[in-house]
Participant: 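Encoded as structure tokens, here's the structure I'll be asking about.
Index from 1, following the sequence. Quick caveat, the model's predicted, so the values are computed rather than measured.
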Amino acid sequence: MINGIKPQMSKTTELRIKPTSFDKAMEAFCTKLEENCKPYVDSFNHMDSVTFRQDGGMKYIKVKSFQVNIETNHETGVKTLVGGDRGSIHCFVEKTTGDIYKPAGWKTPYTKGNNCVRGNIYDTSTFEKTDLHGGWLYAR
């Protein structure tokens, strides 16, 4: 149980049966992350948008967040969009199982301990209450 959310274990999750392809499940996961961040982004005047995309990896796929900010020149009043280039690591997803891990650093996920898996991209109930900064990945 993470952040008070107990995932609903279906038979497909227990038996490790993948009902959809990895790419479709990863796309749905990134879309859900963006949807859950939208109200938070809209509450600030300096943030334009946040997008989540997968970024390579042999065994673990990086999920990166790209934030675009609005920069205002106060002398002229001109607003320009800045950022969205490098991104930051949000989480890691294991390619074979779809398990979600919190990051231990830029290159590796945290895989130690009994409670290292934070969810699964094939089970949508595990990432219902996501947030922009990855607080849902840390157990309380």
Side-chain angles (χ1 to χ4, degrees):
M1 181 161 44
I2 297 176
N3 288 343
I5 303 169
K6 185 173 182 182
Q8 300 291 330
M9 294 298 285
S10 63
K11 267 302 187 206
T12 58
T13 305
E14 291 173 4
L15 299 175
R16 298 281 187 192
I17 298 170
K18 300 174 185 171
T20 60
S21 72
F22 180 81
D23 292 332
K24 286 183 182 178
M26 181 63 94
E27 185 178 325
F29 174 59
C30 291
T31 303
K32 185 65 174 174
L33 288 172
E34 289 175 12
E35 287 174 7
N36 289 350
C37 292
K38 184 88 171 113
Y40 180 78
V41 171
D42 290 342
S43 68
F44 291 100
N45 293 333
H46 70 279
M47 294 173 72
D48 182 55
S49 64
V50 174
T51 58
F52 291 88
R53 293 191 297 258
Q54 59 183 349
D55 184 35
M58 297 296 281
K59 184 175 180 181
Y60 298 103
I61 306 293
K62 293 179 187 178
V63 176
K64 295 170 94 177
S65 64
F66 296 89
Q67 181 175 326
V68 177
N69 293 331
I70 301 171
E71 188 175 280
T72 305
N73 185 342
H74 295 289
E75 293 177 3
T76 61
V78 176
K79 296 182 179 185
T80 56
L81 298 178
V82 179
D85 303 348
R86 283 190 50 189
S88 61
I89 299 296
H90 186 75
C91 65
F92 286 87
V93 176
E94 190 173 2
K95 192 181 275 189
T96 56
T97 62
D99 289 337
I100 302 169
Y101 297 91
K102 67 181 181 178
W106 182 258
K107 294 182 180 181
T108 59
Y110 181 77
T111 57
K112 298 179 177 119
N114 295 335
N115 197 16
C116 62
V117 176
R118 303 304 179 166
N120 194 297
I121 62 171
Y122 298 111
D123 185 11
T124 57
S125 67
T126 61
F127 51 87
E128 285 179 351
K129 295 185 179 181
T130 59
D131 62 355
L132 174 63
H133 304 293
W136 67 281
L137 296 167
Y138 296 87
R140 291 185 183 174

Participant: Do Asn69 and Glu71 have a side chain donor and acceptor closer than 3.5 Å?
Facilitator: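 No, no side-chain donor-acceptor pair sits under 3.5 Å.
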Participant: Taking atom CD as the centre, does Glu94 end up with more than 12 heavy-atom neighbours from other residues, nucleotides or ligands that are less than 6.0 angstrom away?
Facilitator: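 Enclosed: over 12 neighbouring heavy atoms sit under 6.0 Å from CD of Glu94.
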Participant: Do side-chain atoms of Arg118 reach the backbone of Ile100 as a donor and acceptor pair under 3.5 angstrom?
Facilitator: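 Side chain of Arg118 to backbone of Ile100: no pair is present.
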Participant: What are the two closest non-hydrogen atoms of Ser21 and Tyr122, and how far apart are they?
Facilitator: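 Closest approach of Ser21 to Tyr122, heavy atoms only: O-CE2, 4.0 Å.
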Participant: So does Val93 get a backbone contact from the side chain of Asp99, meaning a donor-acceptor N/O pair under 3.5 Å?
Facilitator: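 Not confirmed, Asp99 side chain does not pair with Val93 backbone.
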Participant: Let me check something: any side-chain donor-acceptor pairs from residues 32-40 under 3.5 Å, sequence neighbours excluded? List them with distances.
Facilitator:
{"from": "Glu34", "atom 1": "OE2", "to": "Phe52", "atom 2": "N", "distance (Å)": "3.0"}
{"from": "Asn36", "atom 1": "ND2", "to": "Glu128", "atom 2": "O", "distance (Å)": "2.9"}
{"from": "Asn36", "atom 1": "ND2", "to": "Thr130", "atom 2": "OG1", "distance (Å)": "2.8"}
{"from": "Lys38", "atom 1": "NZ", "to": "Asp42", "atom 2": "OD1", "distance (Å)": "3.3"}
{"from": "Tyr40", "atom 1": "OH", "to": "His133", "atom 2": "NE2", "distance (Å)": "3.4"}

Participant: Thr31 side chain to Glu27 main-chain N or O, any donor-acceptor pair under 3.5 Å?
Facilitator: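 It does hold such a pair.
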Participant: For the residue pair Ile121 and Phe22, establish whether any side-chain heavy-atom pair is separated by less than 4.5 Å.
Facilitator: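 A side-chain contact under 4.5 Å exists here.
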Participant: Atom NZ in Lys102, atom SG in Cys91: separation rounded to 0.5 Å?
Facilitator: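 That separation rounds to 12.5 Å.
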Participant: Are Phe92 and Tyr110 connected in a single hydrophobic cluster, I mean Ile/Leu/Val/Met/Phe/Trp/Tyr linked by side-chain heavy atoms less than 4.5 Å apart?
Facilitator: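 No: no chain of side-chain contacts under 4.5 Å links Tyr110 to Phe92.
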Participant: Over all heavy atoms of both residues, which pair between His90 and Trp136 is shortest? Give the atoms and the distance, please.
Facilitator: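 What the structure gives for the nearest pair is NE2-NE1, 3.2 Å.
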Participant: Output side-chain donor-acceptor pairs under 3.5 Å for residues 57-66, partner residues at least two apart or in another chain, one line each.
Facilitator:
{"from": "Lys64", "atom 1": "NZ", "to": "Asp55", "atom 2": "OD2", "distance (Å)": "3.3"}
{"from": "Lys64", "atom 1": "NZ", "to": "Arg86", "atom 2": "O", "distance (Å)": "3.3"}
{"from": "Ser65", "atom 1": "OG", "to": "Ser88", "atom 2": "OG", "distance (Å)": "3.0"}

Participant: Using the test ring-ring contact (aromatic ring centres under 6.0 Å, His included), find all partners of Phe127 that sit at least two apart in sequence or belong to another chain.
Facilitator: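 Testing Phe127 for ring-ring contact (aromatic ring centres under 6.0 Å, His included), a comparison that skips the adjacent residues, returns Phe29.
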Participant: Quick check: closest heavy atoms across Val41 and Asp48, and the distance to 0.1 Å?
Facilitator: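 Nearest pair, atom of Val41 first, then Asp48: CG1-O, 3.8 Å.
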Participant: To the closest 0.5 Å, what do you measure between SG (Cys116) and NZ (Lys112)?
Facilitator: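 Taking SG in Cys116 and NZ in Lys112, the distance rounds to 10.5 Å.
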Participant: Do Leu137 and Leu132 belong to the same hydrophobic cluster, where Ile, Leu, Val, Met, Phe, Trp and Tyr are linked whenever their side-chain heavy atoms lie under 4.5 Å apart, directly or via other members?
Facilitator: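 Yes, Leu137 connects to Leu132 through the hydrophobic network.
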Participant: Any sub-3.5 Å donor-acceptor pair from Asp123's side-chain atoms to Thr126's backbone N or O?
Facilitator: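 Such a contact is absent between Asp123 side chain and Thr126 backbone.
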